[in-house]
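Report on one structure; see the data block that follows.
None of these values were measured; they are calculated from a predicted model.
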Amino acid sequence: MKRAPGAFRMPAEYSSHLGTVMIWPERPGSWPYGAAEARKAFADVIRAVTRSEKAFVAVSQRGRASAETALADELAAGKAELWECETDDAWARDIGPTCVVGGGEVRGVDWKFNAWGGESNGLYASWAKDDAFAAFVCAKLGLPRTDARPFVCEGGSVHSDGEGTLLVTEECLLSPGRNPGLTKAEIEKKLRAFLGAEKVLWLPYGIYGDETDGHVDNVCAFTAPGEVVLAWTADPDSPDYDRLRADAEYLGSVTDAAGRGIKVRKLLLPREAVRITERDAAGFVYEPGEAVRVPGERLAASYVNFYVTNGGVIVPAFGDENDGAAAEVLAEAFPGREILPVAARAIIVGGGNVHCITQQIPEAI
């Protein structure tokens, strides 16, 4: 098996970044009404990123003019850079490289991408452009690339404390559309090898209805070594109630790679479920084989889908009464970083959120 050299390890997201990779939204099956509202939200995220680090934004030739207009100030100041590249969609977290560092070098791990399930339960029928994106990013940044194929994985399915511990979910990594020929132990061995991990913590569940089969980055995330935030609800009628309690019970039973118990801060989910409206549903244009959204569909909205930059924490906001409480919890978890709420409903309509559309490129260690 090809692997990153033994000295390499996936750093924590809260370690120092060279910059952040994003993709300008366009796909009409993900972003309704010509992606107009999504582009405003993406631009807001990019502006939040560039408060403390550079944004590298991939854009198609068709979308370039709109990106240049929306990001004119950031481009002029050299805080953002456009890369012309065709992709199938805009989920940079999952299709960009997952970086590892060591010996003064950064390497990009290039997983096989199959649209979160391939022929079993993938979300669209063609994903070749997305699968080529990690190699494109490595080439643009001059990063050595580790080809992890044929192992299927996405950046949103792993979270690192930077000290040898990974968080994943069984619901996602053991789903039949990814690596059905591998056992849990074999999948863990791959993660340890490619990401330099010493211990993998397997949460049982992601967020209910998460169409990625329960990515960990929507339910639980490291905020420091030995510390996490976990999505939470006090509503016994919520479909997440039992799932999140099972995750909490698991976290209370394990230690990290350094032998520490896990401190858990709870991030309440939005009080009101975020759902597809009639207006949303009317604005999508689908290709054959693409997942279709229907009015009333519950979206997997979670404040855990935040993104940590060099100077801030970009937090999705839903216009919900729990928005403020989420910001307060994250301010406590990340002292010294600016908390940057961004109106994110136009992003969750596409299926993911702030963390899903960003991928950090770490500084060399």
Side-chain angles (χ1 to χ4, degrees), residues 2-5 8-13 15-27 30 42 45-46 49-50 53-64 67 71 74-75 78-102 104-116 127-149 151-160 194-196 212 215 217 307-310 314 352 354-365:
K2 300 173 185 176
R3 57 168 290 174
F8 282 79
R9 176 176 291 179
M10 182 181 175
E13 188 173 304
S15 65
S16 182
H17 298 179
L18 172 70
T20 297
V21 173
M22 294 181 62
I23 304 167
W24 198 240
E26 180 174 342
R27 186 181 184 92
S30 295
F42 272 59
V45 173
I46 291 165
V49 166
T50 60
E53 63 188 79
K54 189 165 185 176
F56 305 101
V57 184
V59 62
S60 73
Q61 188 176 49
R62 295 179 301 279
R64 187 178 188 99
L71 304 174
E74 290 71 32
L75 293 169
K79 295 180 177 181
E81 179 179 321
L82 296 183
W83 294 343
E84 191 165 304
C85 179
E86 292 281 342
T87 58
D88 295 299
D89 210 340
W91 307 109
R93 172 67 47 182
D94 290 348
I95 67 174
T98 300
C99 290
V100 293
V101 296
E105 184 178 74
V106 180
R107 298 178 66 90
V109 178
D110 182 357
W111 314 108
K112 180 179 179 180
F113 177 76
N114 71 352
W116 309 278
W127 51 81
K129 294 175 184 176
D130 277 357
D131 193 31
F133 185 67
F136 168 83
V137 172
C138 289
K140 287 293 291 186
L141 294 175
L143 304 180
R145 181 176 69 96
T146 298
D147 189 350
R149 290 168 176 75
F151 186 65
V152 176
C153 192
E154 306 94 31
S157 67
V158 293
H159 213 282
S160 174
F194 285 121
L195 301 180
T212 65
H215 269 181
D217 72 345
Y307 178 59
V308 183
T309 65
N310 284 338
I314 307 173
V354 170
H355 197 256
C356 304
I357 65 172
T358 52
Q359 177 59 278
Q360 70 271 11
I361 305 298
E363 292 274 12
I365 297 175

Over all heavy atoms of both residues, which pair between Ile46 and Ala55 is shortest? Give the atoms and the distance, please. CG2-CB, 4.0 Å

Closest non-hydrogen contact found for Gly352 with Trp91 is N-CH2, 3.2 Å

For Ala58, check side chain to side chain contact (heavy atoms under 4.5 Å, CB included) against everything at least two apart and list the hits. Ile23, Cys85, Phe133

Of all the heavy-atom pairs spanning Pro11 and Val100, show the shortest one and how long it is. CD-CA, 4.1 Å

State, with a plain yes or no, whether a side-chain heavy atom of Leu141 is found less than 4.5 Å away from one of Ile361. yes

Can we say Arg27 and Asp130 salt-bridge, meaning some charged N sits less than 4.0 Å from an Asp/Glu carboxylate O? no

What are the two closest heavy atoms between Asp88 and Lys129, and how far apart are they? OD2-N, 3.0 Å

Look at the aromatic rings of Trp83 and Phe56 and report parallel, tilted or perpendicular, splitting at 30° and 60°. parallel

To the nearest 0.5 Å, tell me how far Ile314 CD1 sits from Thr309 OG1. 5.5 Å

Is it the case that the side chains of Thr212 and Glu154 hold a donor-acceptor pair, with the cut-off being a distance below 3.5 Å and no angle test? no

If you compare all heavy atoms of Gln359 against all heavy atoms of Gly155, which two are closest, and at what distance to 0.1 Å? NE2-CA, 4.4 Å

For the rings on Phe113 and Trp127, is their centre-to-centre separation under 6.0 Å? no

Distance col, row Cys153:SG vs Phe194:CZ, nearest 0.5 angstrom, shows 9.5 Å

For atom NZ of Lys112, is the number of surrounding heavy atoms from other residues, nucleotides or ligands below 6.0 Å larger than 12? no

Report the distance from atom CG of Asp147 to atom CH2 of Trp111, rounding to the nearest 0.5 Å. 11.0 Å

If you measure from the Lys or Arg side-chain nitrogens to the Asp or Glu carboxylate oxygens, is any gap between Arg62 and Glu86 under 4.0 Å? yes

Smallest separation among heavy atoms of Ala134 and Pro97, with atom names: CB-N, 3.6 Å

Please name the residue in the list Glu81, Glu74, Glu363 that meets the salt bridge (Lys or Arg N to Asp or Glu O under 4.0 Å) test with Lys54. Glu81

Please report the C-alpha distance between Arg93 and Thr358 in whole Å, then the side-chain angles of each, then the deciding distance to 0.1 Å, and finally whether the side-chain contact (heavy atoms from CB on, under 4.5 Å) criterion is met. CA-CA 5 Å; Arg93 172 67 47 182; Thr358 52; 3.6 Å; yes

Is the ring pair His159/His355 parallel, tilted or perpendicular, if the boundaries are 30 and 60 degrees? parallel

In Å and rounded to the nearest 0.5 Å, what is the CG to CZ distance from Leu195 to Arg9? 11.0 Å

Are Cys138 and Asp110 close enough that some pair of their side-chain heavy atoms sits under 4.5 Å apart? no

Test side-chain contact (heavy atoms from CB on, under 4.5 Å) applied to Asp94 and His215, step by step: CA-CA 10 Å; Asp94 290 348; His215 269 181; 3.1 Å; yes

In this structure, are over 12 heavy atoms from other groups packed under 6.0 Å from Gln61 atom CD? no

Roughly how far, to the nearest 0.5 Å, is the OG atom of Ser60 from the CD atom of Glu84? 7.5 Å

Under the criterion side-chain contact (heavy atoms from CB on, under 4.5 Å), I'd like the reasoning laid out for Ser16 against Asn310: C-alpha separation, chi angles, the key distance, then a yes or no. CA-CA 6 Å; Ser16 182; Asn310 284 338; 4.1 Å; yes

Go through the steps for Glu13 and Tyr307 under the test side-chain contact (heavy atoms from CB on, under 4.5 Å), then give the verdict. CA-CA 8 Å; Glu13 188 173 304; Tyr307 178 59; 3.2 Å; yes

Could you tell me whether a side-chain N or O of Thr50 sits under 3.5 Å from a main-chain N or O of Lys79, the two making a donor and an acceptor? no

Which value, rounded to the nearest 0.5 Å, describes the distance between Ile365 atom CD1 and Glu105 atom CD? 12.5 Å

